[in-house]
Amino acid sequence: MAGKRTITIIGGGVIGLTSAYALIRDGHEVTLIERRDDVGREASFANGGQLSYRYVSPLADAGIVQNALGWLFRPNSPISLRLKADPHQWRWLLAFLCACNRRTNRRNAAVLLDLALSGQEELQKYREEGLNNFLWRRPGKLVLYRNAATFRKAAKSISDPECQRALSPSECADVEPAFAGLREQIAGGIFSPEDEVGDCFLFCKTLRETLAASPNFRLIQGDATLTTGPKNRCEVQLDGKPFETDLVVLAAGIGSRKLARPLGLNLPLYGLKGYSLTTRPRPGLVPSVSVTDYDNRVVYAGLGDRLRVAAMVDIGSENTHLPPRRLGELRALVAETLPGALGQGDDTPWAGLRPATPTGVPIIARTRYDNLLLNVGHGALGFTLSVGSGLRLKEIVAGFDTRAVS
């Protein structure tokens, strides 16, 4: 460690909390500022629950544009696009299109895989030290493919047969009997036995409780803003009053873009709206294995006696309202895929804004301000990448050797 510092983290979601935990473990004094009345209340609250460490390929890839055009005109589409007179949206979409090629995807997927696997290893240490109570399991992840060509492509991309293996439709049914009814509709599946599940919101609460036991940590509820200060530094204002700190970490999800704007930093973040349903199905209908219906972009994760189903990407919807049409489409798709999973209609819907970069790679770096660091842009992989991102941030604080971004 380069020396003990006072560090202020803005944002109490899973990224801010794992950042705080990594820095506390490294001996720093950390203040976490969260504007909501509790941690984990936004994109971390009811996400898909998958820790899919070995399936971290960015959304931007060759062929995704053609697929998306097909999705836009079909019922129950996993993607909806609402174009707006918003220069930021168009810039983000253009950068996304530029990243939609196989070479860029492979490079970015390698970055994400390294970040994910380092986080999985570190989380195992945390758990061994007592950080539990978030419904963690390691049941493996099964990705089901309905399209034969897509399945063949996925099977050919397997680089380590010990970590992933291709399965026939019958073998998929053996791995997860709850989805046996899809046997005639799928071409096959890819099973990753080391992937995990957990409740991200409970993980946030567990981190908060563990951090609270440290004399070097404090959690403050309030509205933080950032302003330009002297000597190439930024300053934190908390509820309109100056707040002294050595370093600042911006980890406020999609809110980071607004917070960074007064500093002249135009962060390439866009909120990709996603939905989830949480229900308690009849006994025997909660899948043991984490499952992804690839062609419909729907994920299923058993969290205790509950089932979490997450899906859809709405581009251009910058709120967390719950439109009945989209929820109805999701319920219909789940009812068709896993009959009985939604119980007696008592499912709890949710929507959140995933803070995504065009490339899918988060920004974990210094800025042109000497005391400001970023840990933003994790998209739909925030839970999966959170612990690894906290580690990377700790390394930057220790060495301060990362190129600044503008």
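Side-chain atoms of Thr245 never come within 3.5 Å of backbone atoms of Val248 as a donor-acceptor pair (strictly under, hydrogens ignored). Here the side chain of Asp246 pairs no donor or acceptor atom with the backbone of Arg5 at under 3.5 angstrom. Remark: the backbone N or O of Gly360 is paired with a side-chain donor or acceptor of Thr357 at under 3.5 angstrom. Distance alone, capped at 3.5 Å, places no donor-acceptor pair between the Asp61 side chain and the Pro58 backbone. The backbone N or O of Asn132 lies less than 3.5 Å from a partner atom in the side chain of Thr206, making a donor-acceptor pair. Side chain of Asn371 to main chain of Cys234: a donor-acceptor pair is present (N/O by atom type, distance under 3.5 Å, no hydrogens or angles). In this structure, Ser157 contributes its side chain and Ala154 its backbone to a donor-acceptor pair below 3.5 Å. Glu176 places a side-chain N or O within 3.5 Å of a backbone atom of Ser288 that can act as its donor or acceptor partner. With hydrogens and angles disregarded, no donor-acceptor distance shorter than 3.5 Å links the side chain of Glu122 to the backbone of Gly119. Judged purely by atom type and a 3.5 angstrom limit, Asp195 has no side-chain atom pairing as donor or acceptor with the backbone of Arg138.
Atoms CG and CG, on Leu135 and Leu202 in that order, are 5.5 Å from each other to the nearest 0.5 Å. The distance from the OH atom of Tyr126 to the CD atom of Glu121 is 11.0 Å, given to the nearest 0.5 Å. Atom CZ in Arg325 sits 4.5 Å away from atom CD in Glu329 (nearest 0.5 Å). Atoms CG and CZ, from Leu59 and Arg354 in turn, are 9.5 Å apart once rounded to the nearest 0.5 Å. The line from CD1 of Ile364 to CG of Leu391 is 10.0 Å long, rounded to the nearest 0.5 Å.
Ring orientation note: the planes of Tyr294 and Tyr55 are nearly perpendicular, at an angle over 60° on the 30°/60° scale. Aromatic ring orientation, Tyr145 versus Phe151: tilted (interplanar angle from 30° to 60°).
Residue Gly48 comes nearest to Arg308 through the heavy atom pair O-CG, 3.7 Å, listed as atom of the first residue, atom of the second, then distance. Of all heavy-atom pairs between Pro355 and Gly253, the closest is CB-C, 3.7 Å. What you find for Ala252 and Ser256 is that their closest heavy atoms are N-OG, 2.9 Å. Shown here for Phe203 and Phe383, the closest heavy-atom pair between the two residues is CD2-CE1, 3.6 Å. Val313 and Leu272 get closest at one heavy-atom pair: CG1-CB, 4.0 Å. The two residues Ala20 and Val30 make their nearest non-hydrogen contact at CB-CG1, 3.9 Å.
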Please assess Asp305 against Arg280 for the test salt bridge (charged side-chain N to carboxylate O under 4.0 Å, His left out), listing each intermediate value before the final yes or no.
CA-CA 6 Å; Asp305 63 348; Arg280 284 183 170 84; 3.3 Å; yes
Evaluate Arg331 against Asp347 for salt bridge (charged side-chain N to carboxylate O under 4.0 Å, His left out), listing each step before the verdict.
CA-CA 9 Å; Arg331 289 188 177 106; Asp347 55 274; 2.9 Å; yes
Run the side chain to side chain donor-acceptor pair (under 3.5 Å) test on Asn296 and Thr337 for me, step by step, so that the C-alpha distance in whole Å, both residues' side-chain angles and the decisive distance to 0.1 Å come before the verdict.
CA-CA 10 Å; Asn296 289 312; Thr337 302; 4.9 Å; no
Run Gln50 and Thr384 through side chain to side chain contact (heavy atoms under 4.5 Å, CB included) and show every step you take.
CA-CA 7 Å; Gln50 293 187 338; Thr384 297; 5.6 Å; no
I would like to know whether His88 and Tyr270 meet side chain to side chain contact (heavy atoms under 4.5 Å, CB included); could you show each step before the answer?
CA-CA 8 Å; His88 179 73; Tyr270 202 81; 3.8 Å; yes
Before you tell me yes or no, could you show the steps for Glu42 and Arg35 under salt bridge (charged side-chain N to carboxylate O under 4.0 Å, His left out), namely the whole-Å CA-CA distance, both residues' side-chain angles and the distance that decides it to 0.1 Å?
CA-CA 11 Å; Glu42 297 197 9; Arg35 67 183 184 87; 2.6 Å; yes
With side chain to side chain contact (heavy atoms under 4.5 Å, CB included) as the test, would you mind laying out the steps for Ile10 and Leu259 before giving the verdict?
CA-CA 9 Å; Ile10 302 175; Leu259 287 165; 3.8 Å; yes
Checking salt bridge (charged side-chain N to carboxylate O under 4.0 Å, His left out) for the pair Glu209/Lys205: CA distance, chi angles, key distance, verdict?
CA-CA 6 Å; Glu209 292 164 4; Lys205 293 178 69 175; 5.7 Å; no
Does the pair Leu250 and Ile9 meet the rule for a side chain to side chain contact (heavy atoms under 4.5 Å, CB included), with working shown?
CA-CA 6 Å; Leu250 186 53; Ile9 300 173; over 6 Å; no
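Phe45 places none of its side-chain heavy atoms less than 4.5 Å from the side chain of Cys200. Under the 4.5 Å side-chain criterion, counting only non-hydrogen atoms from C-beta, Val175 is in contact with Leu167. Between Leu131 and Tyr21 there is a side-chain heavy-atom pair separated by less than 4.5 Å. Using a 4.5 Å heavy-atom threshold, the side chains of Thr279 and Thr348 count as separate.
Within a 6.0 Å sphere centred on CD of Glu129, heavy atoms belonging to other residues, nucleotides or ligands number more than 12.
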Review item, side-chain donor-acceptor pairs of residues 214-228, under 3.5 Å, at least two apart:
residue: Ser214; atom: OG; partner: Asn216; partner atom: N; Å: 3.1
residue: Arg218; atom: NE; partner: Thr31; partner atom: OG1; Å: 2.9
residue: Thr228; atom: OG1; partner: Tyr369; partner atom: OH; Å: 3.3

Can you list, pair by pair, the side-chain donor-acceptor contacts under 3.5 Å of residues 372-380, counting residues two or more places apart and other chains?
residue: Asn375; atom: OD1; partner: His378; partner atom: NE2; Å: 3.2
residue: Asn375; atom: ND2; partner: Ser19; partner atom: OG; Å: 2.9
residue: His378; atom: NE2; partner: Ser389; partner atom: OG; Å: 2.9

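Under 4.0 Å is where a charged nitrogen must lie from a carboxylate oxygen, and between Arg326 and Asp314 at least one such pair does. Ionic pairing of Arg208 and Asp38 is present here: one or more N-O contacts between side-chain nitrogen and carboxylate oxygen are shorter than 4.0 angstrom. Taking a cutoff of 4.0 Å between a charged side-chain nitrogen and a carboxylate oxygen, Arg146 and Asp293 qualify as a salt bridge.
For the residue pair Asp295/Asn147, the side-chain donor-acceptor check at 3.5 Å is not satisfied. Using a 3.5 Å distance cut-off with no hydrogens or angles, the side chains of Gln164 and Ser192 do pair a donor with an acceptor. Arg82 and Gln89 share no side-chain donor-acceptor pair at under 3.5 Å. Using a 3.5 Å distance cut-off with no hydrogens or angles, the side chains of Glu194 and Tyr53 do not pair a donor with an acceptor. Side chains of Glu128 and Gln124: a donor on one and an acceptor on the other come within 3.5 Å.
Of the options Lys84, Lys273, Arg257, a salt bridge (Lys or Arg N to Asp or Glu O under 4.0 Å) to Glu318 is made by Lys84 and by none of the others.
Among residues two or more places apart in sequence or in another chain, the salt bridge (Lys or Arg N to Asp or Glu O under 4.0 Å) test is passed with Arg306 by Asp199.
In this structure, the ring of Phe134 has its center no less than 6.0 angstrom from the ring center of Phe201.
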